[in-house]
*Asks:* 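Pasting in a structure now, in structure tokens, and then I'll have a few things to ask.
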Amino acid sequence: MSAQGATAVVERPAGSDQPLLAVEGVTVRFGGVVAVHNASMSVPTGQVRGLIGPNGAGKTTLFDSITGVNTPAAGTIRLEGADITDRPATWRARRGIRRTFQRQQPFGWLSVADNVLAALEWEGGGGGIAADLVAWPTRRRIEKQRRQRVDEVLELCGLTDIRETPAGELPIARARMVELGRAIVSRPKLLLLDEPTSGIEHEEAEQLGEIIQTIRSQDQCSVLLVEHDVAFVMAHCDLITVLNLGQVIGEGSPEEVRNNPAVRDAYLG
Ligand SMILES: Nc1ncnc2c1ncn2[C@@H]1O[C@H](COP(=O)(O)OP(=O)(O)OP(=O)(O)O)[C@@H](O)[C@H]1O
Ligand SMILES: [Mg+2]
């Protein structure tokens, strides 16, 4: 695997203690079920944060609150300090929040490359329909840049050799990589990964770990990682938040979390 194309380092405003993402006292209910209860956590720019906990702890529900799939009954979600709790999912995606799903959802009939291309936001080249018709040089230049970015991501995700394969024909590990490629192609500020190693082999998980480290160092992308593979979480996260029954029961470095009695009781055993 390589990080070809030497993606430019993205400068983000420094000097403030403001986290990229802040979840403040979030509660989510489904009828009588309180899936997330008064949960708070934050993710600083460029950090890889783990979110772990038993089945049904509320991890995916919290992802849904952060990405705008559900609306919390209480609490606030902030992106770079701004309250985004009521912003729609598409708005958040445009401002740099991207995710993968517990179950992959690529467009099965599109090739691997087209799946990634389709996820790359069209930023426009000016000139409207007339420009499309005559293919203005600006348009052509932007289109070339888009295709270069797709090539770069395919290479990073180890997908170059299967770029023309319909995504629906891929084994699970490759399909997960396509989903990851789709999530990172627009250089998100915050990437949420929901159980990315489930159903994949150790070597593929290693590759995934390398990609996480690459995008965080090259693009200053922050990552929030939900994962049941505790060794993977411990290896790749700076800090880990632990949820149990919808509540945050512990937070700290991998070492601190491993030694936290409440976390051991509830999850690590
Ligand atoms: N759409 C929904 N309607 C009703 N209850 C839901 C819904 N989604 C989640 N829940 C409930 O909310 C709680 C948290 O579920 P969630 O899927 O967030 O857990 P999780 O931590 O992601 O679990 P897992 O590790 O199994 O993926 C569970 O009790 C679940 O049954
Ligand atoms: Mg889940």
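Since the structure is predicted, the reported quantities are computational estimates derived from the model, not experimental observations. In listed order, ligands and their atoms are each counted from 1. For the single chain, residues carry numbers from 1 onward in sequence order.
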*Asks:* Which residue and atom name correspond to the protein heavy atom nearest atom 12 (O) of ligand 1, and how close is it?
*Replies:*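 Ranked first by proximity to atom 12 (O) of ligand 1 is A35 CB, 3.2 Å.
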*Asks:* N/O/S of T61 less than 2.8 Å from the Mg ion (ligand 2)?
*Replies:*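 False for T61.
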*Asks:* Could you find the nearest protein heavy atom to atom 4 (C) of ligand 1 and give me its residue, atom name and distance?
*Replies:*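 Going atom by atom, the protein heavy atom closest to atom 4 (C) of ligand 1 ends up being F30 CB, 3.3 Å.
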*Asks:* Name the closest protein heavy atom to atom 26 (O) of ligand 1, giving the residue it belongs to and the distance to 0.1 Å.
*Replies:*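 Nearest protein contact, heavy atoms only, for atom 26 (O) of ligand 1 is N55 ND2, 2.8 Å.
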*Asks:* Flag the pair L156 / I215 as yes when at least one side-chain heavy-atom distance between them is below 4.5 Å, and no otherwise.
*Replies:*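 Yes, their side chains come closer than 4.5 Å.
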*Asks:* Which residue holds the protein heavy atom closest to atom 17 (O) of ligand 1, what is that atom called, and what is the gap in Å?
*Replies:*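 Looking only at protein heavy atoms, the one closest to atom 17 (O) of ligand 1 is T60 CB, 3.9 Å.
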*Asks:* Less than 3.5 Å apart, any donor N or O on the side chain of S65 or N70 sitting next to an acceptor on the other?
*Replies:*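 Note: S65 and N70 side chains meet the donor-acceptor criterion.
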*Asks:* Is the shortest side-chain N to carboxylate O distance from E143 to R140 below 4.0 Å?
*Replies:*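 Salt bridge absent between E143 and R140.
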*Asks:* Below the 3.5 angstrom mark, is there an N/O of G58, backbone or side chain, next to an N/O of ligand 1?
*Replies:*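 In this structure, G58 places an N or O atom under 3.5 Å from an N or O of ligand 1.
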*Asks:* Under 4.0 angstrom from ligand 1, any heavy atom of G53?
*Replies:*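 It does not, in that no heavy atom of G53 comes within the 4.0 Å cut-off of ligand 1.
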*Asks:* Going by a strict under-4.0 Å cutoff (protein heavy atoms only), does atom 31 (O) of ligand 1 have a neighbour on the protein?
*Replies:*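 Not a single protein heavy atom is under 4.0 Å away.
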*Asks:* Does a donor on one side chain and an acceptor on the other come within less than 3.5 Å for S198 and R176?
*Replies:*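 Distance-only check passes for S198 and R176.
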*Asks:* When you compare the side chain of P44 with that of R49, does any pair of heavy atoms fall below 4.5 Å?
*Replies:*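 With C-beta onward as the side chain, the pair touches.
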*Asks:* Taking distance alone, with no angle check, do G56 and ligand 1 share an N/O pair under 3.5 Å?
*Replies:*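 Yes, there is a polar N/O contact under 3.5 Å.
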*Asks:* Quick test: of every protein heavy atom, which one is nearest to atom 27 (O) of ligand 1, and how far off is it to 0.1 Å?
*Replies:*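 For atom 27 (O) of ligand 1, the nearest protein heavy atom comes out as Q102 NE2, 2.8 Å.
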*Asks:* Among all protein heavy atoms in this structure, tell me which lies nearest to atom 15 (O) of ligand 1, with the distance rounded to 0.1 Å.
*Replies:*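 Protein heavy atom with the smallest distance to atom 15 (O) of ligand 1: T61 OG1, 3.7 Å.
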